[in-house]
There are 2 protein chains.
Amino acid sequence: MPDSEYREIRKLDLFAHMADDNFTSLMRGAYVQNFPAQIELITEGEPSDFLHIVVSGSVDLFSTWNGRETSMATVRPISTFILAATIKDAPYLMSARTLEKSRIALIPSQDVRAIFGADSNFARAIVTELAQCYRSIIKAQKDLKLRTSLERLANYLLRQQRHAGGGAAFELDFEKRRLASVLGMTPENLSRAFKGLQPYGVSVTGTRISIDNQADLERFAKPNPLIDDFST
Amino acid sequence: MPDSEYREIRKLDLFAHMADDNFTSLMRGAYVQNFPAQIELITEGEPSDFLHIVVSGSVDLFSTWNGRETSMATVRPISTFILAATIKDAPYLMSARTLEKSRIALIPSQDVRAIFGADSNFARAIVTELAQCYRSIIKAQKDLKLRTSLERLANYLLRQQRHAGGGAAFELDFEKRRLASVLGMTPENLSRAFKGLQPYGVSVTGTRISIDNQADLERFAKPNPLIDDFST
DNA sequence: CGATAACTTGACATCCTTCAAGGGTTGTGG
DNA sequence: CCACAACCCTTGAAGGATGTCAAGTTATCG
């Protein structure tokens with residue numbers, strides 16, 4: 001593993017405060033690999049042999065049932081995924097595929113579990129990370145159960161806008177068909193939802209979004225920190 | 001706190017393997033209280049001052065937005081709730097109310113966080129518990145996004161049946177209006193969904209369910225361990 | 001018993017999905 | 001550089017699923 005990546009992983013919240021020895025032994029069994037786009041990294045139901053870390057690129061977490069498929073989340077650098085399965089030594093609940101050319105670090109799950117017991121700073125970091133993941137999904141669940149698809153889209157746009165710096169115009173960070181899946185609707189329905197937001201001053205050109213009437217959109221979307229804030 | 005309850009809490013996975021001293025000091029700041037039915041124990045958005053443990057009775061976790069409300073989960077003895085908020089020292093994402101007369105133990109959140117750092121067995125237990133909660137919600141999210149309401153009901157009945165011992169007839173463990181909310185539909189729609197399952201051999205009398213054709217129902221419901229199993 | 005609340009049922013509106021077709025973009029090979 | 005294929009996005013039409021409103025029925029509890 002290149003030294004720059006080693007240091008970058010070390011800086012992750014998950015690893016930042018653990019003892020040097022423990023980090024070194026974690027990394028000893030780890031390896032980093034390049035993957036092209038659209039490669040399935042893991043499949044739901046398989047045993048969780050490795051904790052994965054997205055070093056560069058991006059990864060889609062998705063699930064399937066009875067011929068249907070839905071996108072659950074997107075993982076971007078630098079963060080981990082399937083931490084819970086690693087901890088519990090249980091099968092993956094989601095599949096993962098690269099969205100673009102990506103660099104992924106893999107750490108054997110048993111090493112993670114072993115070091116967890118030996119390094120309380122690492123343990124604390126894992127708990128914090130897990131609690132964060134848990135709360136993120138609770139928010140997603142609230143979003144899905146309490147809002148219509150139009151409201152979900154409106155709030156997504158406001159979140160994305162904030163994430164992009166807060167300007168009136170910004171880019172969607174992934175293709176619409178997958179945005180539709182993340183928001184729990186069909187691509188056709190998303191197209192119509194964008195039109196449905198025009199009266200609130202939203203205009204769309206390709207992947208470029210422009211919010212022409214911030215107040216109107218917010219009045220409609222009613223964003224709520226207990227659903228839409230990333231940090232808390 | 002009565003000695004019997006003290007020992008019962010001690011036996012919880014979360015506390016079973018921690019050092020005596022640490023458990024004692026955790027319990028020193030804790031107190032137990034009786035609540036009547038329909039009491040709102042916590043409100044989303046408030047700071048998380050206490051880790052809650054349901055000793056007896058049952059508690060509904062729910063969320064609201066824009067005048068709507070949805071039931072997220074039910075907590076039954078003996079387990080904890082809002083662990084993630086306690087760990088992160090962040091506001092509650094869900095509200096909680098008693099469904100019946102209930103006995104609740106409250107442990108100051110800061111004590112939990114303090115002991116976490118001092119007791120690695122406790123830390124490990126918290127991680128396991130959190131990972132469990134995380135995976136439960138992932139399953140709920142998959143249930144919601146990948147299935148129609150009829151399929152969700154069918155699979156819920158199969159889960160409930162198994163939970164009740166596996167016999168052809170069993171009782172719903174809470175009222176239908178809240179079951180509807182848990183399953184993400186309206187009470188009216190739930191009524192119709194029950195009728196929609198009649199062709200698959202499901203009959204309903206009040207809260208009593210009878211599955212007259214197990215194979216038919218399972219063929220329709222297509223239960224999946226990665227969505228419907230409690231344990232993994 | 002009432003009285004209140006839960007549940008059911010019907011009619012209707014709305015939302016959403018599905019299917020089909022067309023327009024636009026991207027990437028590739030001639 | 002162009003032609004073509006493949007894919008994504010959009011749009012329309014139709015049908016299905018779900019939510020809403022209103023009324024009636026049943027259950028529950030004081």
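Chain naming here is simple, since letters A, B, ... match the order of the sequence lines and numbering starts at 1 in each. Remember, it's a predicted structure, so these values are computed and weren't measured experimentally.
Ring geometry for B:Phe81 versus B:His52: interplanar angle of 30 to 60°, hence tilted. Under the 30°/60° scheme for interplanar angles, the aromatic rings of A:Tyr31 and A:Phe50 are found to stand perpendicular.
In this model, no donor atom of one side chain and acceptor atom of the other lie less than 3.5 Å apart for A:Ser181 and A:Glu69.
Remark: B:Trp65 CH2 to B:Glu44 CD distance equals 12.5 Å, nearest 0.5 Å.
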Run the side chain to side chain contact (heavy atoms under 4.5 Å, CB included) check on A:Val202 and A:Phe220 step by step: do they pass?
CA-CA 12 Å; A:Val202 174; A:Phe220 169 74; over 6 Å; no
Chi angles and distances behind the side chain to side chain contact (heavy atoms under 4.5 Å, CB included) call for B:Leu158, B:Gln214:
CA-CA 9 Å; B:Leu158 290 174; B:Gln214 188 80 22; 3.6 Å; yes
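Direction of the helix axis in the helix from C:dC1-D:dG30 to C:dG22-D:dC9 shifts by 40° between the two five-pair termini, rounded to 10°.
When the side-chain hydrogen bond (donor to acceptor under 3.5 Å, both in side chains) test is applied to B:Ser58, the partners found at least two apart in sequence or on another chain are B:Glu100. Applying the side-chain contact (heavy atoms from CB on, under 4.5 Å) test to B:Arg177 and every residue at least two apart in sequence or in another chain returns B:Glu175, B:Pro187.
Spacing between atom CD of B:Glu175 and atom C1' of C:dT4 amounts to 14 Å, rounded to whole angstrom units. Look at CD1 on B:Ile209: it is 12 Å from P on C:dC7, rounded to the nearest Å.
Applying the salt bridge (charged side-chain N to carboxylate O under 4.0 Å, His left out) test to pairs two or more places apart or on separate chains, those with a residue in residues 222-232 of chain B are B:Arg147-B:Asp228, B:Arg159-B:Asp228, B:Arg162-B:Asp229.
Side-chain contact between A:Met94 and B:Leu226: absent, with no pair of heavy atoms (C-beta onward) separated by less than 4.5 Å.
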For nucleotides 12-24 of chain C, give me one character per nucleotide, 5' to 3': B if any protein heavy atom sits under 4.0 Å from the base, S if the only such contacts are to the sugar-phosphate, - if neither.
----SBBB-----
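With a heavy-atom cut-off of 4.0 Å to chain B, the contacted part of DNA chain D has its first and last nucleotide at D:dT18 to D:dC21.
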